[in-house]
Number of protein chains: 2
Amino acid sequence: MTAPRPRRTTLKRVAERAGVSLSTASLVFSGKGPVSEETAARVRTAATALGYRGPDPVASSLRAGRSGVVAVVVESPLTLALRDPYAVQVLDGLADELGRDGLGLLLLAQDPHDLDELGARTATMAMDAAIFPFCGPSTNPLVETLAGRGIPIIGSGAPEDTRVTHVRVDEAAAQGLAVRHLLELGHERIGHITLPLRPHATTTGVQAMEVEHAAYPDARERARGFLALVTGPVVQAAAADVTEGEAAARLLLGLPEDERPTAIVAQSDLLAAGAIRAATSLGLRVPEDLSVTGFDGIDVPWLDQTLTTVDQPGAEKGRRMGAMARAAIGGDAPIATSYDVMLRRGTTSGPPKRLRPRFPSL
Amino acid sequence: MTAPRPRRTTLKRVAERAGVSLSTASLVFSGKGPVSEETAARVRTAATALGYRGPDPVASSLRAGRSGVVAVVVESPLTLALRDPYAVQVLDGLADELGRDGLGLLLLAQDPHDLDELGARTATMAMDAAIFPFCGPSTNPLVETLAGRGIPIIGSGAPEDTRVTHVRVDEAAAQGLAVRHLLELGHERIGHITLPLRPHATTTGVQAMEVEHAAYPDARERARGFLALVTGPVVQAAAADVTEGEAAARLLLGLPEDERPTAIVAQSDLLAAGAIRAATSLGLRVPEDLSVTGFDGIDVPWLDQTLTTVDQPGAEKGRRMGAMARAAIGGDAPIATSYDVMLRRGTTSGPPKRLRPRFPSL
DNA sequence: AAGAGGTGTCGAATCGTTTCGAGTTCAGTG
DNA sequence: CACTGAACTCGAAACGATTCGACACCTCTT
């Protein structure tokens, strides 16, 4: 496209100057093979004299057949995806694990409005493996491109494709933990706030049907886990943030009093935090008037409560995917694994207050 | 290190199968040079038959002398740096701008405890340019490594090095905007909460001396801007988050009543949000009892107020740095630019309430 | 003194493209 | 009919490294 940069000093020039062969010079820098200390010193002197900074990574990669880069695909604008501290945790674990092996993390943000744009770029970008670490849509055209290039693909549930090796959590069962906890506390009317079920979602009530046809498998599975245990109103949030969580909760809390849930199960901590805000602004106390559970186990420092939540260690999940990518690059056939999560009780859940007891006392 | 992947189908094989020369086949895929439609079709058929997915990016890069990758250095763990929505905004703008040109974004997280570890990796990683988009320390050993390899470096204030081309904001003047605004409202006792001035900072009061010797230039400049206009207590926050902002504000608000500031100028919106929390929990109303200003102009959806803040469009800044990297790769000598920011008034600043008027009325 | 074994060095092949300059073909012109 | 271009195709030379096998030399054994 543009003017190539002035050619760097090459190993060949260094070798010439040191009066040794190219292969010997290479041996000095790679540290493999035997080289006499004297020769090595001569080569190093020549290198510094010429300003040679070590072998060109691209040439090494070509020869080695590996680029040392792992692509991490974020299926939405970064401002959206990384607004959630949980996503950042995963990314952090990923970066750490990949870095440990000298692998680079190529961040690819996919514009949901123009999925193919990234496809074109992906086709011409060097990478040894690709990871879809976040809750994305169940199908993604990128998988085709990547798999076609023979690049191993790691995911965490999405995309749902046989060519993707997953680090999976049983999302339905995990969400069930929260529901069961509330049932045990005695709640009978429980509402549910889901993550977006599809691109361009709006904050609105949804039916079981729509859950089944959701484009995002994580949201779908969690909602299934909820619906498997209780029949209750389900509201979809337009995004995984506080604002939409608050809006969604308002819909649930706006129901007639005898239908209004005494507990809300949210699919993410940020949504739960929004629900608590909604409750507070409606004059409801948490957990006395409303119990709220989250999902992820992030730190919400501005919340005066500790969320009851399904704790999912994000950094660990990221590390796990990083390790799988590493293994896949090493030539091992990657193996799907799964993952256990736990309910962590906080201060936002408690027994329901029966305003009008069903069986009035004397 | 590990077993090389099975060699992919090469252009040569495709050319052979199509019965054309290697160079012609290359022309078909690159779209340059004239190729008859018939030949092109034959090549494409051969390609699909062999499962050829286009030229190997690494080989292309070697030939072109450019890797198409721009490194973005984050000088702290991602969980820390990306906790701030402002950083995410910058990253988003950066990703967008780089993507526009088909450039990849290589995310490098630098462990502050082991600066050199990343140095070693950086030396062997293919990249055409490097960006330090965040408020980092004023010196960084990475600059030496990168500059030595002839890689153009873009920054936003830090590291302070002649080899780094900056997109600069006059931080001192920008912070001054907030201070002046409060002075105009009539405040006389104004406190300041700074971002960390050095690695491993603790939340504690600091003297002007320590400001001058700060390791982080952004924090230093803003504090200078503050101190140039008023003499007031300065507290350093250990991190740019709500919790530390709250702790820092507590220190300021714990001063004896006649020294206690009637306004707090925070160096970031998250810190300001923390300060508001501190005020609220101490029974102070904002802005009646305490005015608070932030810095960045992020969205804080859980705050019931709109922050008065120094608005710094993050995405735009990111885009700007991306464009500079692009230009530098194109061979243009990058030019440092600077940047104007504006004060945005919100609901968190107002005139001070004089508890004990200095000149009591009759 | 011949053979074995270890060190150190080197030439050449290879990784998979892109591109330059040269060559071929063929239609159109004078 | 010879001549000029344009349209197409091709061979060969990069790009900058790594690595394999061969070779030379030296030091021990027996």
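Treat the numbers as computed from the prediction; the structure is a model and nothing was measured. So that the names make sense, note that chain A is the first sequence line, chain B the second, and so on, each numbered from 1. Just the heavy atoms: all of them, side chains too, but no hydrogens, waters or symmetry mates, feed the values below.
Following rounding to the nearest Å, A:K12 (NZ) and C:dA12 (C1') show an atom-to-atom distance of 13 Å. Atoms CG (A:L11) and P (D:dT19) sit 13 Å apart, rounded to a whole Å. B:E16 has its CD atom 11 Å from the P atom of D:dG11, to the nearest Å. In this structure, B:L27 atom CG and D:dC10 atom P are separated by 10 Å, rounded to whole Å. The CG atom of A:L22 sits 12 Å away from the P atom of C:dA12 (whole-angstrom rounding).
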Side chain to side chain contact (heavy atoms under 4.5 Å, CB included) for B:M321 and B:F132? Distances and angles first, verdict last. CA-CA 9 Å; B:M321 289 189 273; B:F132 292 79; over 6 Å; no

Run the side chain to side chain contact (heavy atoms under 4.5 Å, CB included) test on A:E75 and A:V73 for me, step by step, so that the C-alpha distance in whole Å, both residues' side-chain angles and the decisive distance to 0.1 Å come before the verdict. CA-CA 6 Å; A:E75 290 138 317; A:V73 183; 4.2 Å; yes

Should B:V14 and B:R17 be marked as a side chain to side chain contact (heavy atoms under 4.5 Å, CB included) after you check the CA-CA gap, both sets of side-chain angles, and the distance that decides it? CA-CA 5 Å; B:V14 173; B:R17 168 136 184 170; 5.8 Å; no

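When all heavy atoms of A:P334 and A:T165 are compared, the closest pair comes out as CG-OG1, 3.5 Å. Looking at every heavy atom in both residues, B:P133 comes nearest to B:V72 through CG-CG1, 3.6 Å.
Side-chain N/O atoms of B:S21 include one lying less than 4.0 angstrom from OP1 or OP2 on D:dC10. Taking only side-chain nitrogens and oxygens, A:S60 comes nearer than 4.0 Å to OP1 or OP2 of D:dT18. A close approach under 4.0 Å does occur between a side-chain nitrogen or oxygen of A:K32 and OP1 or OP2 of D:dT19. Within the structure, every side-chain polar atom (N or O) of B:T24 is placed at least 4.0 Å from both OP1 and OP2 of D:dT9.
Of the residues in residues 37-58 of chain B, those with a non-hydrogen atom less than 4.0 angstrom from any atom of DNA chain D are B:T39.
Counting non-hydrogen atoms under 4.0 angstrom, B:S26 reaches a base of the nucleic acid. Here A:S23 lies in heavy-atom contact (under 4.0 Å) with a base.
One side chain, A:S21 or A:T24, offers a donor N or O that lies under 3.5 Å from an acceptor on the other. Of the N and O atoms on the side chains of A:T39 and A:S36, at least one donor lies less than 3.5 Å from an acceptor on the other residue.
Between the axis at the start and the axis at the end of the helix from C:dA1-D:dT30 to C:dG30-D:dC1 there is an angle of 50°, using five pairs per end and rounding to 10 degrees.
Under 4.0 Å is where a charged nitrogen must lie from a carboxylate oxygen, and between B:R320 and B:E97 no such pair does. B:E37 has a carboxylate O that lies under 4.0 Å from a charged side-chain N of B:R44, or vice versa, which qualifies the two as a salt bridge.
With C:dT9, D:dG16, D:dT9 as the candidates, the nucleotide lying closest to the side chain of B:L62 is D:dG16.
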